[in-house]
Structures are given as structure tokens and as C-alpha cells.
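Below is one structure, written out as C-alpha cells; comments come after it.
Just so you know, these numbers use all the heavy atoms, side chains as well, and skip hydrogens, waters and symmetry mates. The shown structure was predicted, so the numbers you read here are calculated from the model rather than taken from an experiment.
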Amino acid sequence: MITIPGTLTRRGRGIARGLLVLAAVLLLPLAAVLQTPQQTAAQSTEQDTLWAGHYAGRKIWVCADPSSPAALTSCFNSGIDTQGVYTKAMATDGVNVYYAGSNGGLSCPIADRGANCTHIMAGGWGDSDIDVLSLAAADGQIWMGQENGKIYRCPANLPYAQQTTMPAQCVQLDDAWLPVQSLLLANGRLYAGLHFYTHDAYHDKQDHGSLWSCDPQKADSCNQLDNYGKTVALSLAAGGGYLWAGLDNGIIWRCDLNTADKCETWEDAGKDGSVTSLSYDGQGTLYAATNEKHGVIWSCPTASANGCSNVFSNVRGYGVAAGAGSVFSTSDDGLYFGTSKFTGADAASASMLLYLPEGGPVEVGAAKVTIDTARNAGRKLAQGCRDGKNPTGTVKVSWNTEYLNQTQYYTTTFKACDLTKQGVLNWSYGFLNDGDYRVTVTVGKYCGYARYTIKDAKDPKPVDVSVKRC
């Protein structure tokens with residue numbers, strides 16, 4: 001038996017990017033490593049990338065080396081055609097970046113930096129007036145929040161085809177009867193920000209905007225986390241142990257991830273604010289963009305309420321993306337890297353931003369699985385791959401939630417031979433609270449598990465497990 005604790009570090013470029021190890025699970029040549037938060041899991045990239053999209057536009061941008069003003073200028077003087085897709089939402093599962101809106105969506109491999117995007121899905125599926133307003137992605141699946149209130153879970157790379165009904169591969173997770181303005185996968189849950197109605201007899205009992213918490217794999221499992229009144233959550237983020245909601249009325253809400261009716265006002269932009277975008281940098285700071293008359297880009301410490309300060313003001317902010325010491329934002333007068341503005345033909349059009357630092361950001365609960373093909377079973381597995389065999393492996397994390405009074409779990413599957421070629425599988429299952437967890441790893445004829453307790457997510461301790469034949 002081999003039991004070795006694992007540690008993962010990320011290269012920094014001017015800024016240290018060390019990550020503390022939360023837990024390590026060694027499966028002979030397989031290692032699953034749980035890590036501290038940085039944002040959303042992503043495969044290793046050769047350099048930082050900034051992904052952007054124009055709300056309801058037909059162009060996207062993928063900028064390599066975005067900390068270079070010259071590189072950003074060059075990036076936004078070109079662009080990538082969306083093949084007829086009007087993009088209104090974007091998300092990543094750590095392997096691809098996805099865009100969706102009307103007339104379907106796009107799937108763009110991160111490693112290709114936008115060079116090989118493919119047209120996926122079909123918008124509306126029989127009703128062209130129904131748009132996808134929000135998007136979330138993980139483990140080869142996407143969750144779509146639609147204008148008609150329906151939330152669907154589909155395979156991420158569903159081929160493009162015009163259909164009159166929803167494809168059989170898709171599952172309706174729930175129906176809010178209200179537009180699903182925002183979605184976020186975190187803490188093993190799918191959070192949804194719903195719009196509101198005030199003059200609709202069919203919705204007289206739902207005339208206030210609601211924040212939902214859903215089991216991402218179970219149909220009809222959504223519950224109201226809180227009610228924010230006659231407004232809408234335009235943006236959602238997770239970090240610092242909380243869920244954050246950017247509301248159309250200018251308020252930033254801080255919410256308990258698991259307990260209903262535990263949201264509170266963290267900051268208020270006043271009547272001139274509309275919090276269009278939120279981004280947690282993984283280092284204790286939440287960034288926010290507001291886009292009314294006297295808009296601001298805010299930097300907000302997650303440790304103290306009403307502590308936001310202006311990165312800059314008097315601009316209409318649209319999007320913000322932060323991580324690993326860098327923050328990017330868009331406004332009606334262009335795009336900013338920190339407080340430095342640069343010029344680019346279409347920079348002001350980029351209303352959606354996603355920043356992927358070198359090596360890829362990760363959340364608490366991100367799993368890294370590797371195969372050492374030079375040792376023991378790894379050598380046999382590599383030979384099996386050469387012989388045409390490709391066994392499926394799984395990593396599963398389970399825990400009990402008092403709020404839901406049931407066991408929750410996140411699981412991912414992988415093809416072992418893919419790991420012998422790529423070496424690493426990164427996968428994120430969201431922000432985890434303090435509590436008791438169990439990790440189970442299985443591949444072929446071998447399996448094992450570890451129980452561990454997170455007492456303080458800011459000071460995690462490693463835990464190891466040996467495996468044997470099942």
C-alpha cells in the first residue's frame with residue numbers, strides 16, 4: 001500500500017500563488033487532492049487568459065497575456081464570430097468555456113484559447129422567443145436558466161440541431177415560472193436568482209424576487225433561500241464562506257450558503273446603483289460593478305460590511321473578473337486592467353468577463369487526479385490503454401447538511417486513459433463549509449475512502465487514505 005500526502009502549487013507571475021492542501025486521497029497511482037479556494041476549477045493553461053462576451057452580441061474575445069495592454073488592445077481589435085449565437089451568459093467547467101443566449105450556444109476549449117469553438121445546442125427548442133439568461137457548468141454538464149423560468153441540465157457538448165422540443169438528454173431541474181436571471185454552482189448546490197412579477201394574475205403569490213437553492217442533480221429540489229423583494233439578482237458569487245448576490249436595486253447581499261432567510265445587506269450603492277457583476281478574487285476581496293448614472297467599480301473586503309472602496313468611479317460598469325491579484329472590468333468607456341485603461345475597438349462591448357489565471361483557479365473542494373504510469377497498477381493501466389481498455393474512475397465527496405436534513409454529494413467520472421495522456425484531471429465541486437466529509441475514489445478493481453473534518457477552511461489539514469482491491 002502507498003500513502004503519500006499531496007500538495008499542489010501554482011506558478012506565480014509577480015504574485016505568489018501557493019495553495020494550501022485541504023485533503024489528499026491516494027489510490028495506488030491515483031491521487032485526489034482537495035484544495036483551498038481561488039474560484040472555478042480549470043485545466044492548466046500556459047498563460048493567463050481573459051474571456052469576454054458581448055451581451056446579446058455576435059462576437060466573443062479570448063485574450064492571452066491580458067496583463068499586457070498591448071495584448072489586450074490587439075485582442076479587442078479582432079474577435080471570434082459566434083456562429084449566429086446571441087450570447088447572454090457564460091460559464092466554465094474547467095475544460096471548456098461555454099456561451100449561451102438565443103440560437104444555441106458555443107463550447108470553446110480552454111487549451112485552444114478560442115481557436116476551435118463549436119456551435120452547440122439550439123436556442124429556444126421550438127420557441128425562438130425563449131432565451132437562455134444564465135449558465136453554470138461542471139463535470140461535462142451545463143445548467144441553463146431560461147427566460148420562461150425553466151432550469152435545465154444538459155450534456156455540455158450537446159450537438160447543434162434545430163428541434164421542436166427539448167432534447168431527451170436534457171433534464172428539467174425545476175420551473176420557477178419567473179425568468180432565471182443568474183445561476184451559480186457552489187457548495188454542492190445550484191443557486192438561482194429569479195426575476196419578479198408585479199402585474200401578473202398567475203404569479204400573485206410570487207410577486208417578489210427569490211433566491212433559490214437547488215440540488216444540481218435532482219429534479220424539483222429547489223427551495224427558496226431568501227426573498228429580496230421587487231428586484232432581481234443580476235449576479236452571484238461565492239467566497240469567504242458566503243454566497244453573494246448583486247441586486248438590481250444597488251444592494252450587495254451576503255447570504256449563508258445553507259440556511260434559509262439568512263441574507264443581509266453588505267453594501268448599498270444607493271439609487272444610482274445596479275450591481276451587474278460580482279467576482280471573488282480568492283484572497284478575501286469581492287469586486288463589484290454597478291452601471292447606473294454614477295457607476296463604480298468596487299473593491300469590497302468580505303470581512304467587514306459597508307467597507308467597499310472605489311477602484312474608480314463615474315463610469316457605467318458592466319462586467320468584472322478577478323483572481324490571483326488581477327482585476328479586469330468593463331465600462332461604457334472601455335476595458336480596465338486594475339485602474340489602467342486601454343483602447344480597443346470593441347472593448348466597451350464586452351459586458352461579460354471570465355479571468356482564468358495561469359495554472360487555473362480552483363475552489364475549496366476542487367479535485368486533482370493524476371496517474372503515475374511508471375509504478376505498480378499505473379504501469380498495468382497504461383498497458384491496458386495500449387490494448388484498447390479504458391476503465392472509468394470516480395471521485396465522490398459526500399456530506400450531511402442539517403438545513404436539508406439529507407446527505408448531499410458531488411461526484412465526477414473520468415476515463416483513466418485520458419489521464420495517462422494528459423496527466424491531470426482538475427474538477428471543482430464547489431465551496432465547502434466547515435463540517436464532516438467523506439471522499440471515495442474508485443478505479444477498476446481498486447477503491448478506498450477517507451473521512452475528514454474541516455474545522456476552519458482557512459487553515460485546512462491534509463488527510464491520507466490507503467486503498468485495496470474492492
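- Expressed to the nearest 0.5 Å, how far CG of Leu225 lies from CG of Asp261 amounts to 8.0 Å.
- Of the inter-residue distances, the one linking Arg58 atom CZ with Asn103 atom CG reads 7.0 Å to the nearest 0.5 angstrom.
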- request: Step by step, work out the side-chain contact (heavy atoms from CB on, under 4.5 Å) result for Ser329 and Tyr287.
  value: CA-CA 9 Å; Ser329 56; Tyr287 288 88; over 6 Å; no

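- From Ser235, atom OG reaches atom CG of Leu278 across 3.5 Å, with rounding to the nearest 0.5 Å.
- Between the side chain of Asp112 and the main chain of Gly114, no donor-acceptor pair closer than 3.5 Å is present.
- Residues Leu243 and Arg189 fail the side-chain proximity criterion, which asks for heavy atoms closer than 4.5 Å.
- Shown here is Tyr336, whose OH atom has more than 12 heavy atoms of other residues, nucleotides or ligands within 6.0 Å.
- Leu173 has its side chain within reach of Cys214: a pair of non-hydrogen atoms, C-beta onward, lies under 4.5 Å apart.
- Counting all heavy atoms, side chain and backbone alike, Ser134 lies closest to Leu183 at OG-CG, 3.4 Å.
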message: For Ile251 and Asp268: C-alpha separation, side-chain torsions, deciding distance, then whether side-chain contact (heavy atoms from CB on, under 4.5 Å) applies.
response: CA-CA 4 Å; Ile251 289 175; Asp268 189 348; 3.8 Å; yes

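- The two residues Cys117 and Gln83 have their closest heavy-atom pair at O-NE2, 3.4 Å.
- Side-chain N or O atoms of Ser221 include one that pairs as donor or acceptor with a backbone N or O of Asp215 at under 3.5 Å.
- In this structure, Leu211 CG and Leu194 CG are separated by 7.5 Å, a value rounded to the nearest 0.5 Å.
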query: Hey, mind stepping through Val97 and Thr49 against side-chain contact (heavy atoms from CB on, under 4.5 Å) and telling me if it holds?
result: CA-CA 11 Å; Val97 173; Thr49 51; over 6 Å; no

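- Using a 4.5 Å heavy-atom threshold, the side chains of Asp174 and Trp212 count as touching.
- Applying the side chain to side chain contact (heavy atoms under 4.5 Å, CB included) test between Cys108 and each of Ile60, Val62, Asn116 identifies Ile60 as the sole match.
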Step-by-step side-chain contact (heavy atoms from CB on, under 4.5 Å) determination, Cys300 to Ile252: CA-CA 10 Å; Cys300 306; Ile252 297 177; 4.2 Å; yes

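- For the pair Ser274/Thr290, no side-chain contact is recorded, criterion being any heavy-atom separation below 4.5 Å from C-beta on.
- Between the side chain of Thr259 and the main chain of Asp256, no donor-acceptor pair closer than 3.5 Å is present.
- Ser309 contributes atom OG, which lies 12.0 Å from atom CD1 of Ile297 (distance to the nearest 0.5 angstrom).
- With Tyr191 contributing its side chain and Leu257 its backbone, the two residues share a donor-acceptor pair below 3.5 Å.
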message: Before you tell me yes or no, could you show the steps for Tyr98 and Asp93 under side-chain hydrogen bond (donor to acceptor under 3.5 Å, both in side chains), namely the whole-Å CA-CA distance, both residues' side-chain angles and the distance that decides it to 0.1 Å?
response: CA-CA 8 Å; Tyr98 304 97; Asp93 63 359; 2.8 Å; yes

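- Contact detail for Gly240 and Thr302: the closest heavy-atom pair is CA-OG1, 4.4 Å.
- When all heavy atoms of Val85 and Gly104 are compared, the pair lying nearest together is CG1-O, 3.4 Å.
- Pairs of residues two or more places apart, or lying in two chains, never qualify as salt bridge (charged side-chain N to carboxylate O under 4.0 Å, His left out) while including a residue from residues 67-85.
- Checking side-chain atoms of Thr73 against main-chain N and O of Pro69 turns up a donor-acceptor pair under 3.5 Å.
- Thr442 places no side-chain N or O within 3.5 Å of a backbone atom of Thr394 that could act as its donor or acceptor partner.
- Judged as a side-chain contact (heavy atoms from CB on, under 4.5 Å), and not counting sequence neighbours, the contacts of Cys63 are Leu50, Trp61, Leu72, Cys75, Phe76.
- Qualifying side chain to side chain donor-acceptor pair (under 3.5 Å) partners for Gln141, counting only residues two or more places apart in sequence or in other chains: Arg153.
- Looking at heavy atoms from C-beta onward, Leu335 lies in side-chain contact with Thr330 at the 4.5 angstrom threshold.
- The side-chain heavy atoms of Val327 and Val320, taken from C-beta on, include a pair separated by under 4.5 Å.
- Put simply, the residue from Ile120, Leu354, Thr87, Val132 that forms a side chain to side chain contact (heavy atoms under 4.5 Å, CB included) with Tyr99 is Thr87.
- For the pair Leu106 and Ile80, the minimum side-chain heavy-atom distance is 4.5 Å or more.
- The minimum heavy-atom distance linking Ala233 with Ala245 is given by the pair CB-CB, 4.4 Å.
- Interatomic distance, Leu190 CG to Cys222 SG, rounded to the nearest 0.5 Å: 6.5 Å.
- Under the ring pair (Phe, Tyr, Trp, His ring centres under 6.0 Å) test applied with Trp266, the options Trp244, Tyr242, Trp298 reduce to a single match, Trp244.
- Pairing each heavy atom of Pro155 with each of Gln169, the nearest pair is CD-O, 3.5 Å.
- Using a 4.5 Å cut-off on side-chain heavy atoms (C-beta onward), Ser182 and Val180 make no contact.
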Ring pair (Phe, Tyr, Trp, His ring centres under 6.0 Å) between Trp253 and Tyr228, worked out: CA-CA 9 Å; Trp253 242 12; Tyr228 39 69; 5.6 Å; yes

